[in-house]
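A short write-up of the structure that comes next.
Bear in mind that the values here come from a model prediction, so they are computed numbers and not experimental data. Each ligand, and each atom within it, is numbered from 1 in the order the structure gives.
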Amino acid sequence: MVRLQVAVETPQHAGLDTTLDYLSEQPLTAGTLVRAPLGKRELLGIVWPGEAGEVAEADLKPLAAVLDTLPPLDPAWQALVAFASGYYQRALGELALSVLPPELHRLDGAQLALRLRKLHKAMAAPPDAAGADAPPAPSAEQAEVLAALAATPAATPVLLHGVTGSGKTEVYLNAAAQALAAGRQALVLVPEINLTPQLEARFAARFAGRRIVSLHSGLTPAQRLRSWLAAHLGLADLVLGTRLAIFTPMPRLGLIVVDEEHDPSYKQQEGARYSARDLAVYRARLQGARVLLGSATPSLESWQRANEGRYRRLALPSRIGGALLPRVRLVDMNQQPKDRGGAAALSPPLVEAIRQRTARGEQSLVFLNRRGYAPVLHCADCGWKSGCPHCSAWRVFHKLDRTLRCHHCGFTERVPRACPECGNLDIAPIGRGTERLEEQIGQLLADADGTPPRIARIDADSTRLKGSLEAQLGAVHAGEVDVLVGTQMVTKGHDFRRITLVAAVNPDSALFSSDFRAPERLFALLMQAAGRAGRSAEHAQAAEMWVQTWHPQHPLYAALRRHDFAAFAEGQLKERESAGLPPFAHLAMLRADAKQADAAQGFLQAAADLAAALPGADQVSVYAPVPLPVARVAGVERMQMLVESASRPALQHFLAAWVPALHGLRRGGAHKVLRWAIDVDPLSI
Ligand code: ADP
Ligand code: ZN
Ligand code: ZN
């Protein structure tokens, strides 16, 4: 019998952080999939490279099966997973097995062999190569970018900074064509599932005759396995997907594109909290592939790397066809008439501008980042507010179904007829969400007979039913809607042809957030939203982006007015540098959940005490534990503690010693925490 190391999925908190040893009848190549007994169960495992441990052979179990109909996962894939496990501080086996398609965990050798036979049969004939779209002649700017790209060594990551509609996708298509022509595979990542069908159609039209698969969480388990197998076996040339696709084994990988590279969806928010964008850069280096990061508003991390010359920055500063970017108009809300203590939803000049658009048969998009009718109900007599009994948050009033709903834990009740505390019948909504905005726009924009404009609302509530988002978008595209109201859901990616006005109703709160990334996210959101206006050349001249603000002098809005991302980035980077924040410092966040805040705090405090004694502790700062902005959710108290270092290697070195010690601390049982987790390079603070 041969001893082998096998990566299996063991629970993180069992503290089994390494691979387990098994016996095999014959030697197996690292990367081979196996089925391994663990306790009473039999689990999928991956033969892992390296020396097996010291356990006596009599104590080792033999493998249950070897899935050798499948070629082994290659060394580059193993290296990517090993790196991610170390960097994001997650058990190797857990990470390696969690990024495989769920269906693989279920199938035995015979079932897998059957799937493979079917796949090979279905893919025996190459797809029809007829009717591929010819690429358009590149614009002057695109030609410059393509020439610069050709002159840039593949080992240098490229940051493509191009405004919305500047033809970035065309550059991706061109880079993909070159990779395919060289006999290699291309991986294209997008932030959202909703964006994959559009992109898939565009790639399919260009690359008829090539096999394209997609990988995202919206596929059935069988479809996901099929796409994954096609990529792993090298049958698919192009893989389009969301963040989870970064772990797709692709033996001939020659290009990785990360579209909208700044998008927070690239960061996994549970389990191994990896950044697919950052792993893309790492993976490209492993496989000698080119990596292309694209955005109209790059992350400040990537922007700074380009400033330092570690990435090559290429720019597409203008829209295709010479269309202008929408003119940005700031409405100073201090100068606007007040209605009953607050400002009206839409200021009079904005109402007038929308009215003119409607009269001309053009469309307007109005967005507000808050769904429901009003964020809180209030009794003026006794001061009662619609708090959630399980969370430190208000329950949101939804007028359409007459409910009070907690957006954190989901707790829902019918709206009380009277104040639950004092019986007062006159309880009133405070503030405004998209439902109320829709209602108010109907009133403000009604014509002389009182007929409101045709309004569609798109938010998480109005699109809950399958197909309803498509139906709403269809109505907008068909011109059956005058005003589209929504949350930031409507600002991403959609190619609206008749929208000539986009308005942000109340974006100011992000200016004063305690999260240092809030301005960066706001700027990206507003630029993205502006990109929804004037997308067809005939309308571009009239396109406007309206921002209602109480702080019109803010430098963020000044940069937005000029569409000047570079100026915004320089300003932010200066502030970050002087405050010692990323990208000039490196962060990790330790989070702990417990029934009692004391317990969570106690665990974090003990973790901080442990930290002080570790080697390298002098190069990291451990801050005091603080509650999350919404501290209690569903009866659980949530605390967090920031760890910061000026040096990434120093932080990594420290975490490698600290995290195992935290597992020990938890196992010691002195701390009644429900769970804890470490988030390396956390996105929200
Ligand atoms: P981005 O990805 O930067 O938003 P796209 O690549 O989607 O931009 O291009 C915007 C629009 O311009 C698309 O409709 C695209 O088909 C078109 N387009 C891009 N490049 C060219 C070109 N060189 N010639 C003609 N049309 C182009
Ligand atoms: Zn009351
Ligand atoms: Zn709640």
message: Quick check: do V633 and H390 have side-chain heavy atoms less than 4.5 Å from each other?
response: no
- prompt: What residue and atom, counting heavy atoms only, is the protein's closest point to atom 25 (C) of ligand 1, and at what distance?
  reply: P136 CB, 3.9 Å
query: After noting the C-alpha distance and the side-chain angles of S302 and E261, does the key distance pass the side chain to side chain donor-acceptor pair (under 3.5 Å) rule?
result: CA-CA 9 Å; S302 299; E261 67 91 32; 2.8 Å; yes
- prompt: Under 4.0 Å from any heavy atom of V163, which atoms of ligand 1 are there?
  reply: 3 (O)
field: Short N or O distance, T169 and ligand 1, threshold 3.5 Å exclusive
entry: yes
- prompt: the Zn ion (ligand 3) to H407: any N/O/S contact under 2.8 Å?
  reply: no
message: Does ligand 1 come near enough to A137 that some N or O of the ligand is less than 3.5 Å from an N or O of the residue?
response: yes
message: F568 and ring-ring contact (aromatic ring centres under 6.0 Å, His included): which single residue from W303, F523, Y557 fits?
response: F523
- request: May I ask you to check whether C406 brings an N, O or S atom to under 2.8 Å from the Zn ion (ligand 3)?
  value: yes
- request: Sort out for me which residue in R211, R206, R210 forms a salt bridge (Lys or Arg N to Asp or Glu O under 4.0 Å) with D237.
  value: R210
message: Checking D461 against R371 for the salt bridge (Lys or Arg N to Asp or Glu O under 4.0 Å) test, could you report, in this order, the C-alpha distance in whole Å, the side-chain angles of both residues, the deciding distance, and whether it holds?
response: CA-CA 8 Å; D461 297 314; R371 65 196 169 86; 2.8 Å; yes
- prompt: Are any of the protein's heavy atoms under 4.0 angstrom from atom 11 (C) of ligand 1, yes or no?
  reply: no
field: Under 3.5 Å: N/O of G167 near N/O of ligand 1
entry: yes
- prompt: Among protein heavy atoms, which sits nearest to atom 4 (O) of ligand 1, and what does the distance come to when rounded to 0.1 Å?
  reply: G165 N, 2.9 Å
- prompt: Which atom names give the shortest non-hydrogen contact between A510 and A518, and what distance separates them?
  reply: O-CB, 3.4 Å
field: Option of least heavy-atom distance to atom 5 (P) of ligand 1 (set: R202, E260, E170)
entry: R202
- request: Could you name all protein N, O or S atoms found under 2.8 Å from the Zn ion (ligand 2)?
  value: C379 SG, C382 SG, C419 SG, C422 SG
query: Between H161 (side chain) and A296 (backbone), is there a donor-acceptor pair under 3.5 Å?
result: yes
task: Indicate the ring-plane relationship of W676 and F603, choosing parallel, tilted or perpendicular according to the 30° and 60° boundaries.
output: tilted
task: Please step through salt bridge (Lys or Arg N to Asp or Glu O under 4.0 Å) for the pair R405 and D401, ending with a clear verdict.
output: CA-CA 10 Å; R405 271 192 246 159; D401 59 2; 2.9 Å; yes
- request: Within a distance under 4.0 Å of any heavy atom of P138, pick out the atoms of ligand 1 and give their elements.
  value: 23 (N)
query: By number and element, which atoms of ligand 1 are closer than 4.0 Å to a non-hydrogen atom of S139?
result: 23 (N)
query: Is any N, O or S atom of C409 under 2.8 Å away from the Zn ion (ligand 3)?
result: yes
- prompt: Quick one: are H398 and V396 in side-chain contact, heavy atoms under 4.5 Å?
  reply: yes
- line: Closest heavy-atom pair, C419 versus I427, reported as atoms and distance to 0.1 Å, is CB-CG2, 3.7 Å
Atom 14 (O) of ligand 1 protein-contacted, heavy-atom criterion under 4.0 angstrom: no
field: Contact atoms of ligand 1, heavy-atom distance to K168 under 4.0 Å
entry: 1 (P), 2 (O), 3 (O), 6 (O), 8 (O)
- prompt: With respect to atom 23 (N) of ligand 1, which of R319, Q142, E141 exhibits the smallest heavy-atom separation?
  reply: Q142
task: Taking all heavy atoms of S392 and all of A631, pick out the closest pair and write down the distance.
output: OG-N, 3.1 Å
task: Please identify which atoms of ligand 1 are closer than 4.0 Å to at least one heavy atom of I320.
output: 12 (O), 18 (N), 19 (C), 20 (N), 21 (C), 26 (N), 27 (C)
Evaluation steps, salt bridge (Lys or Arg N to Asp or Glu O under 4.0 Å), between R638 and D593: CA-CA 5 Å; R638 311 180 309 161; D593 291 355; 5.4 Å; no
- prompt: Which atom pair, heavy atoms only, marks the closest approach of R184 to G254?
  reply: NE-CA, 3.4 Å
